[in-house]
Protein chains: 2
Amino acid sequence: MRASDRVYESLREDILAWRLVPGTVLSEVEQAARLGVSRTPLREGLRRLASDGLAVVGKGRTLVVAELAANDVRHLFELREALETQAARLAARRRRAGVFEDLCARFARADELLTDQDPTRSAYYLLVADLDAAIDAAVDSPYLLRSLQGLRTHVARARRLSRDDTPRLLQAAQEHLLIAQAVLDRDETLAAQATAVHLRRSLATILASLGDRPTSPWPDPPATALGVLT
Amino acid sequence: MRASDRVYESLREDILAWRLVPGTVLSEVEQAARLGVSRTPLREGLRRLASDGLAVVGKGRTLVVAELAANDVRHLFELREALETQAARLAARRRRAGVFEDLCARFARADELLTDQDPTRSAYYLLVADLDAAIDAAVDSPYLLRSLQGLRTHVARARRLSRDDTPRLLQAAQEHLLIAQAVLDRDETLAAQATAVHLRRSLATILASLGDRPTSPWPDPPATALGVLT
DNA sequence: GTCAGCGGTTTTGTATACAACGGGAGGGAT
DNA sequence: ATCCCTCCCGTTGTATACAAAACCGCTGAC
């Protein structure tokens, strides 16, 4: 593997994990020394981070780790809604049934993954990643996938901003199940709208966890009332 | 201006104008000699092209100019529909009235720009660019704008694929007018749907001009029948 | 007190030399 | 004849040296 790739992945991981916090200046000589490479491949990795939007030009010509605050998350979800509803629509149009039958079965039993045994929820997030991958495979639209890929980088960073809330994850599992079922049923409209619903609720959860008041002043309905959607 | 920026812009222009055709290998030493810079800034420009999707890795480690065929245009418009309908929706929500009043007036008179005097249609395309810029300014959503920017690069390249057809441009002007009016009226749904209509028609025109049979076997309605939409 | 100009220092931008990887032609074995 | 192995050459990847530009603190004038 090339040194510039190692640099890129290493810095990317550090930024996504919030080990490098927003505003940190990414000095070429300093980072080159830290990662044990020369400035040439380091610069290449840095420019890739910049084209991902993970680093932005600070004062002068320096690169700094990009901000990601509550308002940025709102903007991020405006893009996410555009891309993921379209992805769901196209997946519903083009999917092969087998994968989504399997995913529906797994999401129907997602509560078994959300016991208190696994505080990182890795089994659950793996299932969500599998759904994303299945949708990507079904979409089969290179330009859209490319944008989705860039988006997911920022979504992953945003996830680390808010704490994992088990009731919300159980609700999210039902929303994912609805999406997977709609794709399986080739119901393009429902797939897109269920995705939109899921994203709006996820955004509200993240913003609430950040201490932001939600845009709507209404209390959330009790979780049991949402069961009818599944 | 930095040498790497000149390299990037020069190669980008060459690719968008189809002076560098798909499949052309972008050899570092060759291009560095042609553009009069050393390999270091040239590589930087090349990587930017790759992250834009204008260059892709060929056999070995070489970069080649990316393909853009009829099927790619279809995929491109799947992304375009996702991004531009969302942009229109958000612009309708957040626009300041003045700019769009002006744009409506200009699009209402777009037929005056489409005389046979100007074979490049530069005045008309400038007007379209102004609408795009006004929507961008109203959207005010950094992540979405970033994706839109990347998209427009490929759209510009695709435009050079098909010939300019005056009747279609007159029809497109009416579609643009409808979008601008919907944004001005803060009608989010209409803005999004009018954008979708415009994109579907544009895609059909491009594909027809490429010799592809449209997906629908129906003949286009006469141009005068579309006047009711304005 | 404030602001403009000016070195000094630090940082980024560029050029070049060298290392390493990969493809392709050629030859030998089967 | 075909397949595979090897060596050579061209290309890309990396390191380093040098050039240029920008920040910072200083000084001085108004």
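Naming convention: chains lettered A, B, ... in sequence-line order (proteins, then strands); numbering from 1 in each chain.
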Check: Any cation-pi pair here, B/Arg48 with B/Tyr8, using under 6.0 Å and within 45°?
Finding: yes
Check: Quick one: the side chain of A/Thr40 and the base of D/dT16, do they pair up donor-acceptor inside 3.5 Å?
Finding: yes
Next item on the list: Measure from CG on B/Asp5 to P on C/dT12 and round the result to the nearest Å.
Entry: 16 Å
Notebook entry, point to check: Would you say a side-chain N or O of B/Ser4 is under 4.0 Å from OP1 or OP2 of C/dG13?
Noted result: no
Next item on the list: Let me know the distance between CG of A/Leu26 and P of C/dT11, rounded to the nearest Å.
Entry: 13 Å
Note to self: Pairing donors with acceptors under 3.5 angstrom, does anything connect the side chains of A/Ser141 and B/Arg74?
What the structure shows: no
Notebook entry, point to check: What is the distance from CE of A/Met1 to C1' of C/dA20, rounded to the nearest Å?
Noted result: 17 Å
Check: Parallel, tilted or perpendicular: which fits the ring planes of A/His154 and B/Tyr143, with parallel below 30° and perpendicular above 60°?
Finding: perpendicular
Next item on the list: Take the protein atom CZ of A/Arg6 and the nucleotide atom P of D/dG13, then report the distance between them rounded to whole Å.
Entry: 14 Å
Next item on the list: Give me the residues of residues 41-55 of chain A where at least one heavy atom lies under 4.0 Å from an atom of DNA chain D, by number, or none.
Entry: A/Pro41
Checklist line | Closest listed nucleotide, where the reference is the side chain of A/Arg2 and the choices are D/dG13, C/dT16, C/dT12 | finding: D/dG13
Next item on the list: Identify the two heavy atoms, one from A/Leu161 and one from A/Leu68, that lie closest to each other, and give their separation to 0.1 Å.
Entry: CD1-O, 3.6 Å
Margin query: Can you tell me how the ring of A/Phe107 sits relative to the ring of A/Tyr124, calling it parallel under 30°, perpendicular over 60° and tilted otherwise?
Written below: perpendicular
Next item on the list: Identify which nucleotide among C/dT12, D/dA15, D/dC24 has an atom closest to any side-chain atom of A/Arg39, counting heavy atoms from C-beta outward.
Entry: C/dT12
Checklist line | Atom-to-atom span, NZ of A/Lys59 to P of C/dT12 - whole angstrom | finding: 13 Å
Checklist line | Toward the 5' end of DNA chain C, by each residue's nearest nucleotide, A/Arg61 or B/Gly60 | finding: A/Arg61
Margin query: The test is side chain to side chain donor-acceptor pair (under 3.5 Å); show your working for A/Gln149 and A/Arg146 and say whether it passes.
Written below: CA-CA 5 Å; A/Gln149 199 58 31; A/Arg146 209 177 158 77; over 6 Å; no
